[in-house]
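Notes for the one structure printed next.
Heads up: numbering here begins at 1 and tracks the sequence.
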Amino acid sequence: MNDFLIPVFVCGILFIGMPWVILHYVTKWKQAPKITQEDENLLDELHYLARRLEDRLNTVERIVAADHPDWKPGTPAAHPTDYDLTRRN
């Protein structure tokens, strides 16, 4: 009896189970929302804006580095609460 059930079970999985799983996920993939032309235009605009902002940041870093030779790009700026405003020079 076991010699008969194992091949039937394996054939059932191969010819019914696997195609069902594959077709199920293909259907889900086709129903998934796709990017629209408007979304693509927005992404292009945001990419362009990010590149402009990066160029501006590089320009500011070059200017600051030219004015202050000991300044290193990428160091975090001091927080306003780090300064003791009550102290007089």
Side-chain angles (χ1 to χ4, degrees):
M1 186 70 172
N2 278 342
D3 293 339
F4 176 73
L5 287 178
I6 292 175
V8 170
F9 184 68
V10 169
C11 287
I13 289 175
L14 287 176
F15 295 110
I16 295 173
M18 290 299 290
W20 179 79
V21 169
I22 291 169
L23 292 174
H24 170 74
Y25 283 106
V26 166
T27 303
K28 291 290 184 186
W29 173 63
K30 287 184 178 181
Q31 290 175 352
K34 295 177 178 47
I35 189 168
T36 64
Q37 184 64 34
E38 182 179 326
D39 292 339
E40 193 169 338
N41 291 340
L42 179 61
L43 283 173
D44 287 340
E45 183 180 337
L46 289 173
H47 182 257
Y48 174 71
L49 179 62
R51 292 187 77 139
R52 283 183 46 210
L53 289 173
E54 184 178 16
D55 290 342
R56 288 181 182 181
L57 180 65
N58 289 336
T59 302
V60 168
E61 286 179 349
R62 279 196 319 268
I63 291 170
V64 171
D67 288 345
H68 304 284
D70 58 338
W71 182 80
K72 296 177 185 168
T75 56
H79 194 271
T81 58
D82 293 343
Y83 297 110
D84 184 12
L85 298 178
T86 59
R87 189 179 69 173
R88 294 189 176 206
N89 292 334

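- Between the CG atom of L43 and the CD atom of E38 there is a distance of 11.0 Å, given to the nearest 0.5 Å.
- The local environment of CD in Q31 is crowded, with over 12 non-hydrogen atoms from other residues, nucleotides or ligands closer than 6.0 Å.
- Residues N58 and R62 have side chains in contact (heavy-atom distance under 4.5 Å, counting atoms from C-beta outward).
- With rounding to the nearest 0.5 angstrom, the CG atom of L42 is 10.5 Å from the CG atom of L49.
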Check step by step if side chain to side chain contact (heavy atoms under 4.5 Å, CB included) holds for D39 and Q37. CA-CA 5 Å; D39 292 339; Q37 184 64 34; over 6 Å; no
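- Side-chain atoms of N41 and E45 form no donor-acceptor pair, as typed in the model, at a separation below 3.5 Å.
- In this structure, NZ in K34 is found 12.5 Å from OG1 in T36, a value given to the nearest 0.5 Å.
- Cluster membership for L23 and F15, using ILVMFWY side-chain heavy atoms within less than 4.5 angstrom, is not shared.
- From W20, atom CH2 reaches atom OH of Y25 across 7.5 Å, with rounding to the nearest 0.5 Å.
- You'll find the side chain of L57 stays beyond 4.5 Å of the side chain of L53, heavy atoms only.
- Summarising the local packing, NE2 of H47 is surrounded by 12 or fewer heavy atoms from other residues, nucleotides or ligands at distances under 6.0 Å.
- In the hydrophobic clustering of this structure, L14 groups with I6; members are Ile, Leu, Val, Met, Phe, Trp, Tyr whose side-chain heavy atoms approach within less than 4.5 Å, directly or through other members.
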